[in-house]
Protein chains: 2
Amino acid sequence: MDAVRGHLDGLVLAVLATGPAHGYRLIDLLRERSGGFFELPEGSVYPALHRLERAGLIESGWSAEEGRRRRVYALTAGGRRAVDERRREWRSFSAAVDAIFGTGA
Amino acid sequence: MDAVRGHLDGLVLAVLATGPAHGYRLIDLLRERSGGFFELPEGSVYPALHRLERAGLIESGWSAEEGRRRRVYALTAGGRRAVDERRREWRSFSAAVDAIFGTGA
DNA sequence: AGTCTATGCCTAGGATCTCTTGGTATGGAT
DNA sequence: ATCCATACCAAGAGATCCTAGGCATAGACT
């Protein structure tokens, strides 16, 4: 999934905008909501989560239900603003790329 | 323009699919056809062209008209196939991202 | 004649990001 | 008892884009 490069953070934020989730669950949600397109390895998603937390866009807490340790992430106020920003950027970007590729085969 | 990461090669191929061009002109075409969105520095585009030529997707020749030296690039047969492939990949990818971002603000 | 700007090519190095590969641990099923 | 899914993490490799330079010619302006 090298094509997500530069867009992964926005995607993670967008999923978390629909509710808190832990890393492993997030990978499932990204796959499900993309119609199976995104099959992201843990080695991509976990670093992204740490990055976003360092940036103050998400925050985490440990959940101990069922005895399984899970780090659950949720958007901060800044994160909620960031989602809208990333979505706007994505729309501009994809419109630009669409214009270049045109309506070919 | 860090967002193009991973998609620049496809964009370059798409522009060259509409006719040969030299590097400097390519930068103009990318800006014009994207409605001013893509303002790519030479340091991004020239390496991309060299990459694509090494990969056999484009080929170049020197043009000396007007005394100005220009390296003009054109798609190879493999390059023409690659454009269609890249466009399909882009469509899949952008549909997946759209699905994740949803129809929010 | 000299200078400036636009055109036109190029490269080295830094920064960032994703992926590969490996490790650790628990819970449930066989 | 063993295996697989769940669940977290980190180190290092690889790829790519940008910054910041360098070099050269043509045309315009002073």
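Throughout, protein chains are lettered first and strands after them, A, B, ... in sequence-line order, and every chain is numbered starting at 1.
Taking the salt bridge (charged side-chain N to carboxylate O under 4.0 Å, His left out) definition, one finds that A:Asp2 meets it with A:Arg5, sequence neighbours left out. Considering only residues two or more places apart in sequence or on other chains, A:Glu85 meets the salt bridge (charged side-chain N to carboxylate O under 4.0 Å, His left out) condition with A:Arg88.
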Show me, pair by pair, the donor-acceptor contacts under 3.5 angstrom made by side chains of residues 15-25 of chain B, not counting sequence neighbours?
from, atom 1, to, atom 2, distance (Å)
B:Thr18, OG1, B:Val15, O, 2.6
B:Thr18, OG1, B:Arg33, NH1, 2.7
B:Thr18, OG1, B:Arg33, NH2, 3.3

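Pairs engaging residues 92-101 of chain A under the side-chain hydrogen bond (donor to acceptor under 3.5 Å, both in side chains) rule: A:Asp98-B:Trp90 [sequence neighbours left out].
A heavy atom closer than 4.0 Å to some atom of DNA chain C occurs in A:Val4, A:Arg5, A:Gly6, A:Leu8, these being the qualifying members of residues 3-20 of chain A.
Screening A:Val83, A:Leu40, A:Leu52, A:Val4 for a side-chain contact (heavy atoms from CB on, under 4.5 Å) involving A:Val12 leaves a single residue, A:Leu52.
B:Arg31 contributes atom CZ, which lies 5.5 Å from atom CD of B:Glu39 (distance to the nearest 0.5 angstrom).
Separating the CZ atom of A:Arg51 from the P atom of C:dA15 is a distance of 17 Å, rounded to the nearest angstrom. Remark: C1' of C:dT18 and CG of A:Leu30 are 14 Å apart, rounded to the nearest angstrom. Note: CZ (B:Phe93) to C1' (C:dT18) measures 13 Å, nearest angstrom. Per the geometry, CZ belonging to A:Arg54 stands 10 Å off P belonging to C:dT16, to the nearest Å. Whole-Å rounding puts the B:Phe38 CZ to D:dC17 C1' distance at 13 Å. The distance from atom CD1 of A:Ile27 to atom P of D:dT6 is 11 Å, rounded to the nearest whole Å. D:dT19 atom C1' lies 16 Å from atom CE of B:Met1, rounded to whole Å. One atom, CZ of A:Arg68, and another, P of D:dC4, lie 16 Å apart when rounded to the nearest Å.
Under the 4.5 Å side-chain criterion, counting only non-hydrogen atoms from C-beta, A:Leu11 is in contact with A:Phe38.
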At a cut-off of 3.5 Å, list every protein nitrogen or oxygen paired with a nitrogen or oxygen from nucleotides 9-11 of chain C, distance to 0.1 Å.
from, atom 1, to, atom 2, distance (Å)
C:dC9, OP1, B:Arg71, N, 3.0
C:dC9, OP1, B:Arg71, O, 3.4
C:dC9, OP2, B:Gly23, N, 3.3
C:dC9, OP2, B:Tyr24, N, 2.6
C:dC9, OP2, B:Tyr46, OH, 2.6
C:dC9, O5', B:Tyr46, OH, 3.3
C:dC9, N4, B:Glu42, OE1, 2.5
C:dC10, OP1, B:Arg71, NE, 2.9
C:dC10, OP2, B:His50, NE2, 3.1
C:dC10, N4, B:Glu42, OE1, 3.3
C:dT11, OP2, B:His50, ND1, 3.4

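Under the 3.5 Å distance criterion, the side-chain polar atoms of B:Ser60 are left unmatched by any main-chain donor or acceptor of B:Arg71. Side-chain atoms of A:Thr76 come within 3.5 Å of backbone atoms of A:Leu57 as a donor-acceptor pair (strictly under, hydrogens ignored).
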